[in-house]
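Data first, discussion second: the structure below is written as structure tokens.
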Amino acid sequence: MAEDLNWAVGGEAGDGIDSTGKIFAQALSRAGRHVFTSKDFASRIRGGYTAYKIRTSVDQVQSVVDRLDILVALTQRTIDENLDELHEGSAVIYDGERSWEAEIPDKMTAVDVPLKSLAEDAGGAIMRNIVALGAACEITGFDVEYLDEALEKRFGGKGSKIVENNKEAARAGQEYVQENYDLDHLGYAVETTDNDYVLLNGDEAIGMGALAAGCRFYAGYPITPATNVMEYLTGRIEDYGGHVVQAEDELSAINMALGAARAGARSMTATSGPGIDLMTETFGLIATSETPMVIVDVMRSGPSTGMPTKQEQGDLNMTLYGGHGEIPRFVIAPTTIAECFWKTVEAFNFAEQYQTPVYVVSDLAMAVTERTFEPETFDMDKVEIDRGKLVDQDEVDEWLDAQGHFRAHAVTEDGISPRAKPGTIDGAHMSTGLEHDELGRRTEEEDERVQQVDKRNRKVETAKNEEDWDYREFGDADADNLVISWGSNEGALAEALGYLEEDGIDVRVISVPYIFPRPDLTEEIEAAEQTIVVECNATGQFADVIEHDALTRVKRINKYTGVRFKADELAEQITERLSEEVPA
Amino acid sequence: MSSDVRFTDFKSDKQPTWCPGCGDFGTMNGMMKGLAETGNDPDNTFVVAGIGCSGKIGTYMHSYALHGVHGRALPVGTGVKMARPDIEVMVAGGDGDGYSIGAGHFVHAVRRNVDMTYVVMDNRIYGLTKGQASPTSRSDFETSTTPEGPKQPPVNPLALALAAGASFIAQSFSSDALRHQEIIQKAIEHDGFGFVNVFSPCVTFNDVDTYDYFRDNLVDLKEADHDPTDYEAAKNVITDGEKEYQGVMYQDENSVPYHEQHGVTEDMSEIPDGAPEDAMDLVREFY
Ligand SMILES: Cc1ncc(C[n+]2csc(CCOP(=O)(O)OP(=O)(O)O)c2C)c(N)n1
Ligand code: SF4
């Protein structure tokens, strides 16, 4: 693997850290480099430490590591927070003219740049971060022209004057370092390539997947880290004749989406744990009324409001079991940003094919992380739409009973009934959360109750048989050691394999995007000597279901600090776990 | 749609299980007649119902319908209308459903001015759960859960709607069949959120707000020379603590429904087979 470079900008929330980071990430991506970004942020708008980190390489990168090469520090706290990750070859860019006396350990290279005054000379103090980017370009030997492209993209809408000023600010930073420092000994040289990459995060990929899949109605209520899905769709869905409603709460959001779905539209809502709690009431109704709908849960630390800006995979049980009574459902958890796109497309198809609610479960680490991909990763020609048994006008007659009533909940062999959208003549029917007969009308008849429950559950059985509930696999397929993961841990695990290999440890990694239905891993587990399940929660919710499926005990690696797994840390923990005794 | 639609076409063949004499019979008849008279038919109509005796209405009517969870009928109606501006949407429920558990949604549906008709069957009691106080119960109304009365003033739903910026506010009485139907029709024809609070007496649990009470006390705005487009006049009748009125209290003639304000015109249920043609542009945005 080629040398990777780790860069970060940190300061107070409100310092424009996000946009500074994003501009640099875009510049690197334009230069044909792979980029993987991550954010440290606190749950406040102004004040409080926040950082945007970029790992970049000409090879693919899909995890964070414990190393920082270049740090743009707008506050002392930025330096303190990252001290562990800084090393002898690190360069710290800071503004010595500002009122804080930077304390940077001697062994690192302190690069004092008058960010504020240079920015003022270029047209405004607000551009001090751009001056710092110019300085970073000089230190890393990265052509400042790539920055120009990103600045045009960012500020193009604000007029050419602003773009020019920013370009000037970047050059001022670059030239300042060139004239005042000789940093060749640090040895940073950022290679570029001719590759064209796209850079996007998990929330954006979900939104894009929804649009590609024909989602036309979205209702939501803002919540970190799911809001970006809504922000992405707003302003874009209209191009396709759709609409986004910011509802008054999650109860309303999911019910609006339900209404649109019953009207025949592909419809979706997205939220995080606390919102899922509120939506659970209607979740049962969606399943019982057999309405196709996609519900996205971008998980964050719980329970309750927990740690709103921190990573966790704690909602698995809720999406799997949430709601009173017994609710047939699908739960899909994309394992990469690309999968956020494809699994969302799939979710819409499943929803309509099986007329059930489908959970797409993502997490904060995936939602706020941007990663580069070849544009063909999202090849729209491969998107297929399957609307299931949506009957058109000619087919309605087949589903009428002797009195001419539409049998919207007809008991069928595969458990799937016909669906008529409003406007279909003779298709008018009632749907309800009450137990109902084939026509959708309330019943408490024992036989009818059993038939309807069986019918709804049979859809899941049909799906289990008809669809591929696959997993992704890395490492050595014949290894004695098996590591199983779900959700966003895949990237870190894939990279951890490299470290493990260096230590002579062979591992087979299975990354599972389907929570329910899910692949049966019994054979894989039996073939392995040891199995470890990796997840970002305290109790091992996925490990529990794996143990249940395979009737055996597995080892577990759980992280619930609020921070995602890092590749090197995972490698270490896997090594450690493997040497422990197998649980009885 | 077809001009030969009769109101009985909106009737399902399920016999209502409402108590004999329940006000909901009259409310429902007015709704069915109103729908038929305004040129709708069951296949282009969507009825959303709440939970309660009143909420059972969806079962007794014939159309596309959803009988949802308690208090959430308005958001469902909103979703239907946004996805399908071509469909006639009617939402119905009780005073508990609409002004208690669903009060938040009520305010916001009013404020959005979604083009649908909202009929609340106000019996000033919880019927289905067998006689507890509702948000519109009188403060001294004794029930199983309020033996000395709720000891709090009832909500005034009309005032709530007015404060939220309603574009159509009306009140009717289910046993005044012609007048009720006429008011429902006006609400259906209104471009925007047509709100009708219907006095729909519960003969089993409410012995105060009875047919006789409403017959003797309701003042018809037809006879009061009321101009519904006059906001001040509307405010006066709505906040009049002495008398109760039937009729259209307020109508904003310049009302623009939510979907039109947001430029939603298309039938969202029609989507292409596969990603839209220019969908790669969505990806290129991320260069
Ligand atoms: C979440 C929830 N809480 C409580 C109930 C029980 N419940 C059913 S109907 C009802 C009150 C209905 O009163 P109202 O809306 O006035 O309708 P009415 O029966 O009087 O027509 C209640 C509390 C429920 N179904 N769901
Ligand atoms: S309990 Fe009251 S509201 Fe319910 S059906 Fe009987 S009379 Fe009507």
Side-chain angles (χ1 to χ4, degrees), chain A residues 29-30 196-200 204 208 211-214 216-217 219 236 238 240-243 245 247-249 251-253 255-267 281-282 285 289 375 378 380-381 383-385 403 421-434 441-442, chain B residues 12-14 42-46 48-49 51 56 58-59 61-84 86-87 89 104-105 107-108 112 259 262-276 279-280 282-287:
Chain A
S29 156
R30 299 307 305 128
D196 269 331
Y197 296 129
V198 290
L199 180 72
L200 70 168
E204 289 165 334
M208 190 165 78
L211 283 186
R216 294 292 174 264
F217 184 82
R236 287 183 181 80
E238 293 85 355
Y240 301 95
H243 185 63
V245 181
E248 57 272 25
D249 54 36
L251 299 155
S252 177
N255 278 282
M256 285 182 184
L258 163 62
R262 290 226 64 87
R266 284 198 157 185
S267 141
E281 178 195 42
T282 301
L285 168 63
S289 63
F378 307 100
M380 294 284 173
D381 285 339
V383 170
E384 281 171 24
I385 307 276
Q403 281 76 44
K421 62 181 191 185
T424 310
I425 296 163
D426 291 337
H429 64 275
M430 161 87 184
S431 290
T432 170
L434 293 167
R441 299 187 306 197
R442 177 190 189 153
Chain B
S12 84
D13 54 7
K14 270 271 190 212
D43 292 320
N44 86 325
T45 302
F46 202 112
V48 190
I51 295 288
K56 291 180 178 174
T59 316
M61 286 178 66
H62 174 63
S63 73
Y64 284 90
L66 182 85
H67 180 213
V69 290
H70 196 21
R72 322 272 169 232
L74 283 171
V76 175
T78 302
V80 175
K81 190 68 199 182
M82 293 311 289
R84 299 291 299 279
D86 56 317
I87 295 295
V89 179
H105 305 313
V107 170
H108 291 279
R112 286 191 188 98
H259 68 275
H262 290 267
V264 174
T265 52
E266 286 177 44
D267 170 352
M268 293 183 192
S269 68
E270 298 291 341
I271 56 165
D273 263 349
M280 262 335 257
L282 294 170
V283 184
R284 280 183 212 106
E285 258 189 67
F286 292 107
Y287 268 128

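All heavy atoms count here, side chains included; hydrogens, waters and symmetry mates do not. We name chains A, B, ... by the order of the sequence lines, and we start the count at 1 in each one.
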Would you say the side chain of [Y] lies within less than 4.5 Å of the side chain of [X], judging by non-hydrogen atoms?
X      : Y      : value
B:L282 : A:L211 : yes
A:S289 : B:L66  : yes
B:I271 : A:I385 : yes
A:Y240 : B:M268 : no

For chain A, find which of [options] contributes the most heavy-atom pairs closer than 4.5 angstrom.
options               : answer
B:H262, B:M61, B:E266 : B:H262
B:P272, B:P42, B:G77  : B:P272
B:A83, B:A49, B:G71   : B:A83
B:K56, B:H108, B:H259 : B:H108

Select one option (side chain, backbone, both, neither) describing which atoms of [X] are under 4.5 Å from chain B's heavy atoms.
X      : result
A:F378 : both
A:D249 : side chain
A:R262 : both
A:L285 : side chain
A:A253 : neither

- Message: Closer than 4.0 angstrom, basic N to acidic O: yes or no for A:R216 and B:E270?
- Response: no
Chain A contact via [X] - which portion, at a heavy-atom distance below 4.5 Å:
X      : answer
B:Y287 : both
B:S63  : backbone
B:D13  : both

Most chain B-contacting option - heavy-atom pairs closer than 4.5 Å, from [options]:
options                        : answer
A:A263, A:G242, A:G214, A:G241 : A:A263
A:N255, A:V383, A:T432         : A:N255
A:M380, A:M208, A:E238, A:Q403 : A:M380
A:E384, A:R266, A:E204         : A:E204
A:A257, A:G264, A:S431         : A:S431
A:P375, A:A261, A:G433         : A:P375

- Task: Show your reasoning for whether side chain to side chain contact (heavy atoms under 4.5 Å, CB included) applies to A:V198 and B:R284.
- Result: CA-CA 7 Å; A:V198 290; B:R284 280 183 212 106; over 6 Å; no
- Would you say the side-chain atoms of B:S12 pair up with the backbone N or O of B:H62, donor to acceptor, closer than 3.5 Å? no
- Task: Could you tell me whether a side-chain N or O of B:E285 sits under 3.5 Å from a main-chain N or O of B:V283, the two making a donor and an acceptor?
- Result: no
- Would you please classify the geometry between the A:H429 ring and the B:Y64 ring as parallel, tilted or perpendicular, with 30° and 60° separating the classes? perpendicular
- Query: Is it true that the side chains of A:K421 and B:S269 contain a donor and an acceptor less than 3.5 Å apart?
  - Reply: yes
- Query: So among B:R84, B:K81, B:M82, which one has a side-chain contact (heavy atoms from CB on, under 4.5 Å) with B:V264?
  - Reply: B:M82
